[in-house]
Amino acid sequence: MRKLLHIDSSIQTDRSVSRQLSDAIVKRLKDSEHPLEVIYRDLAADPLPHLSAAVFASFSGQDEASSRSRDQRDDVTESAKVLEEFLSADIVVIGVAFYNYSIPSSLKAWIDRIVVANRTFSYGGGAAPVGLAGDKRVVVAVARGGIFTEGTSNAQREHAVRYLRDIFELVGVCNIEVVAAEGLAYGPEASAKAVEGALNEIAAM
């Protein structure tokens, strides 16, 4: 059975556009692909701690498990679970809230647990890293208050999708699909039009 990993990161709940879009993407994919096992992580409701020295050392086996405190053991165990969820997923859908020109810190904490040398990437024998994460489909749903598409005056301030493209390319996913609703802060009419356009894009996936 193929697996889909669904990640949400918005601190908003009912009013979150990124959650609305990521949910619509998952439903669309479930309708078109049977059977499909869905694993869900809400990084706002159940945030991961920031990357710790114990977790970082565990990536390379540089520490002794017996020397870890209980909290460190729990952190290492959860981090390993996060990594395996990502590695085992055939499809990854991420709802991205756009905060201060970038991604939420909760999503960065998740990323720090899936970008692991010799598990999801390696440097091999050359200078350029080699992705090891396998052939995955990654779909990002991003909600922005302003307008940040290419060709606009704010395009250079878009550090969310650009960063995610670099991260997933590092682990071997060279093409990610992006569904964006932006201009959400420009009033109810503009917001509704942006969401409708994004949902129509999802329906056509």
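The pair Asp23-Arg28 does not meet the salt-bridge criterion, since no charged nitrogen lies less than 4.0 angstrom from a carboxylate oxygen. Ion pairing between a basic and an acidic side chain is recognised when a charged N comes within 4.0 Å of a carboxylate O; Glu85 and Lys3 show no such pairing. For the pair Glu177 and Arg137, the salt-bridge criterion is met [side-chain N within less than 4.0 Å of a carboxylate O]. A salt bridge is defined here as a Lys NZ or Arg NE, NH1 or NH2 lying under 4.0 Å from an Asp or Glu carboxylate O, and Asp14 with Arg19 fails to meet this definition. Salt-bridge formation is detected for the pair Glu84/Arg119: a Lys NZ or Arg NE/NH1/NH2 atom is positioned less than 4.0 Å from an Asp or Glu carboxylate oxygen.
A donor-acceptor pair under 3.5 Å links the side-chain atoms of Lys136 to the main chain of Ala89, judged by distance alone. Listed for the Gln20 side chain is no donor-acceptor partner under 3.5 Å among the backbone atoms of Val17. Of the possible donor and acceptor atoms, none in the side chain of Ser106 sits under 3.5 Å from a partner among the backbone N and O of Pro47.
The distance from atom OG of Ser10 to atom CZ of Arg15, rounded to the nearest 0.5 Å, is 9.0 Å. Rounding to the nearest 0.5 Å places CD of Glu169 at 12.5 Å from CG of Leu164. Atom CG of Asp8 and atom OG1 of Thr13 lie 11.0 Å apart (nearest 0.5 Å). Residue Asn118 holds its CG atom at 7.5 Å from CG of Leu132, rounded to the nearest 0.5 Å. Rounding to the nearest 0.5 Å gives a distance of 9.5 Å between CD1 of Ile11 and OG of Ser105. Of the inter-residue distances, the one linking Glu158 atom CD with Ile147 atom CD1 reads 12.0 Å to the nearest 0.5 angstrom.
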Legend entry - Worked verdict on Glu33 versus Leu4 for side-chain contact (heavy atoms from CB on, under 4.5 Å): CA-CA 10 Å; Glu33 188 164 342; Leu4 184 153; over 6 Å; no
Inset, instruction - Could you check Asp166 against Arg162 for salt bridge (charged side-chain N to carboxylate O under 4.0 Å, His left out), going step by step and ending with a plain yes or no? - result: CA-CA 6 Å; Asp166 287 342; Arg162 294 162 81 187; over 6 Å; no
Inset, instruction - Test side-chain contact (heavy atoms from CB on, under 4.5 Å) on Val96 and Leu107 and set out the steps. - result: CA-CA 8 Å; Val96 181; Leu107 183 54; 4.0 Å; yes
Inset, instruction - Evaluate the side-chain contact (heavy atoms from CB on, under 4.5 Å) criterion for residues Ile7 and Val93: first the C-alpha distance (whole Å), next the side-chain angles of each, then the deciding distance (0.1 Å), finally the verdict. - result: CA-CA 6 Å; Ile7 304 289; Val93 176; over 6 Å; no
Inset, instruction - Apply the test side-chain contact (heavy atoms from CB on, under 4.5 Å) to residues Val92 and Val173: give CA-CA distance (whole Å), side-chain angles for both, the deciding distance (0.1 Å), then the verdict. - result: CA-CA 11 Å; Val92 182; Val173 181; over 6 Å; no
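Counting heavy atoms from C-beta on, the side chains of Leu87 and Thr120 come closer than 4.5 Å. For the pair Val115 and Val171, the minimum side-chain heavy-atom distance is below 4.5 Å. Contact annotation: the side chain of Arg165 approaches that of Val161 to within less than 4.5 Å [non-hydrogen atoms, C-beta and beyond]. For the pair Leu5/Tyr40, no side-chain contact is recorded, criterion being any heavy-atom separation below 4.5 Å from C-beta on. For the pair Leu29 and Val26, the minimum side-chain heavy-atom distance is 4.5 Å or more. Considering only heavy atoms from C-beta on, Glu78 comes within 4.5 Å of Leu48 through its side chain. Side-chain contact check for Ile94 versus Ser22: every heavy-atom pair is 4.5 Å or farther apart. A 4.5 Å side-chain heavy-atom check between Ile202 and Lys27 finds every atom pair outside the cut-off.
The side-chain tip of Lys108 does not point at the ring of Tyr163 from less than 6.0 angstrom away and within 45° of straight on.
If you chain together hydrophobic residues whose side chains sit under 4.5 Å apart, Leu170 and Val178 fall into the same group. When hydrophobic clusters are built by joining Ile, Leu, Val, Met, Phe, Trp and Tyr residues whose side-chain heavy atoms come closer than 4.5 Å, directly or via intermediates, Val139 is not grouped with Ile114. At a threshold of 4.5 Å between side-chain heavy atoms, the hydrophobic network of Ile, Leu, Val, Met, Phe, Trp and Tyr places Leu43 and Ile176 in one connected group. Cluster membership check: Val82 shares its hydrophobic cluster with Val140, using side-chain heavy-atom separations under 4.5 Å among Ile, Leu, Val, Met, Phe, Trp and Tyr. Following chains of ILVMFWY side-chain contacts shorter than 4.5 Å, one can reach Met205 starting from Leu21, so the two form part of one hydrophobic cluster.
For NE2 of His50, the number of neighbouring non-hydrogen atoms (other residues, nucleotides, ligands) closer than 6.0 Å is 12 at most. For Asn175, the CG atom counts as loosely surrounded, since its 6.0 Å shell holds 12 or fewer non-hydrogen atoms of other residues, nucleotides or ligands. Heavy-atom neighbours of Asn100 CG from other residues, nucleotides or ligands within 6.0 Å: at or below the threshold of 12.
Between Tyr123 and Phe121, the ring centre distance stays below 6.0 Å.
In this model, no donor atom of one side chain and acceptor atom of the other lie less than 3.5 Å apart for Tyr101 and Asn154.
The two residues Ser79 and Arg113 make their nearest non-hydrogen contact at OG-CG, 3.1 Å. Nearest heavy-atom pair across Ala190 and Gly183 is CB-O, 4.0 Å. Counting all heavy atoms, side chain and backbone alike, Thr149 lies closest to Ala155 at O-CB, 3.4 Å. The two residues Ile25 and Ala141 have their closest heavy-atom pair at CD1-CB, 3.8 Å. In plain terms, the two heavy atoms of Ala109 and Pro49 that are nearest each other are CB-O, 3.7 Å. Between Ser9 and Gly95, the shortest heavy-atom contact is OG-O, 2.7 Å.
In this pair, Phe86 and Trp110 present their aromatic rings perpendicular. The plane angle is above 60°, beyond the 30 to 60° band.
The side-chain contact (heavy atoms from CB on, under 4.5 Å) with Leu51 is formed by just one residue from the set Asp112, Ile111, Asp75; it is Asp112.
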